[in-house]
Amino acid sequence: MSGVWAVCVDFIDALNEAARSTYPDEFICLHRAHNGIIDEFVMLPGSVFGETHSFINYWMDPIDYERTGSAHSHPGYSAEASEDDLQVFRSTGGVHFITCLPYDRTSWRVYNSAGERISLDLVYEDGTKVEPEE
C-alpha cells in the first residue's frame with residue numbers, strides 16, 4: 001500500500017457500475033495507482049463472476065509494479081470481508097475494495113491485506129477531495 005493515499009471517484013463509480021451490471025453475480029478485478037491515487041481497473045482474462053463467489057486466474061496476471069490490490073462486489077447489503085475475501089487480500093496487493101448494494105458512493109469499504117478497515121480519501125482525477133453529498 002506504500003504511497004497510496006486516495007481513490008479516484010471515477011474508479012468508485014466504475015466499480016459500482018460493474019457491480020450493478022454483473023448483479024446478482026459478484027464482480028472482481030485488480031487495480032493500479034498513479035501518483036498515490038487508485039484510478040485504474042486491471043481485468044485479467046478468464047476471471048469468473050459467480051453468484052456466491054468470483055475468482056481471478058492469477059496465472060494470467062503479468063508482473064506489474066503499479067498494481068495495488070483488488071476490488072469486488074457483494075450482491076447483498078454487507079461490505080464486510082469474508083474468510084474467502086481475506087485469502088484474496090493476502091495474495092493481491094495491499095488495498096482491497098468491497099462494494100455492496102445499493103452500489104453508490106457510500107456503499108464501499110476498503111481494507112488492507114490483513115483485512116483491517118483503512119481509510120482513503122475520495123478524490124477527483126486532479127487530486128481534489130470529493131466533498132460528501134448532503
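Values reported hereafter were calculated over all heavy atoms of this structure, with side chains retained and with hydrogens, waters and symmetry mates removed. One-based numbering along the sequence shown.
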Kindly give the heavy-atom pair with the smallest separation between [X] and [Y], and that separation in Å.
X: Ala33; Y: Thr68; answer: CB-CG2, 3.6 Å
X: Cys8; Y: Ile37; answer: N-CG2, 3.6 Å
X: Ser73; Y: Glu26; answer: O-CG, 3.2 Å

(request) Any chance you could lay out the ring-ring contact (aromatic ring centres under 6.0 Å, His included) test for Phe89 and His96, step after step, and finish with the verdict? (result) CA-CA 6 Å; Phe89 294 177; His96 306 279; 4.4 Å; yes
Considering only heavy atoms from C-beta outward, does the side chain of [X] approach that of [Y] to under 4.5 Å?
X: Trp5; Y: Leu120; value: no
X: Val7; Y: Ile12; value: yes
X: Tyr111; Y: Ile118; value: no

(request) With sequence neighbours left out, write down each residue that passes ring pair (Phe, Tyr, Trp, His ring centres under 6.0 Å) with Phe41, or none if nothing qualifies. (result)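 Expected list: Phe11, Phe27.
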(message) For His72, give me all partners under ring pair (Phe, Tyr, Trp, His ring centres under 6.0 Å), at least two apart in sequence or on another chain.
(response)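 Listed in chain order: His74.
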Looking at [X] and [Y], would you say the former's side chain and the latter's main chain have a donor-acceptor pair under 3.5 Å?
X: Thr22; Y: Ala18; value: yes
X: His31; Y: Glu40; value: no
X: Asn16; Y: Asp104; value: yes
X: Ser113; Y: Gly93; value: yes
X: Ser107; Y: Cys100; value: yes
X: Asp121; Y: Val123; value: no

(message) For residues Tyr23 and Tyr77: do they belong to one hydrophobic cluster (side chain heavy atoms under 4.5 Å, members Ile, Leu, Val, Met, Phe, Trp, Tyr)?
(response)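 Same cluster.
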(request) Check the hydrophobic clustering (I, L, V, M, F, W, Y; side-chain heavy atoms under 4.5 Å; chains of links allowed) and say if Val9 and Phe97 are grouped together. (result)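 Shared cluster, yes.
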(request) Could you grab the distance from atom OG of Ser78 to atom CG of Leu101, nearest 0.5 Å is fine? (result) 10.5 Å
(request) Return yes when atom CD of Glu17 has more than 12 non-hydrogen atoms of other residues, nucleotides or ligands closer than 6.0 Å, and no otherwise. (result) yes
(request) Please check if atom CG in Asn35 has more than 12 non-hydrogen atoms from other residues, nucleotides or ligands closer than 6.0 Å. (result) no
(request) Apply side chain to side chain donor-acceptor pair (under 3.5 Å) to Thr128 and Asp126, showing your working. (result) CA-CA 6 Å; Thr128 306; Asp126 67 0; 2.8 Å; yes
(request) Return the set of residues passing salt bridge (charged side-chain N to carboxylate O under 4.0 Å, His left out) with Arg105 (not counting sequence neighbours), or none when no residue passes. (result)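 Applying salt bridge (charged side-chain N to carboxylate O under 4.0 Å, His left out) to Arg105 gives Asp13, Glu133.
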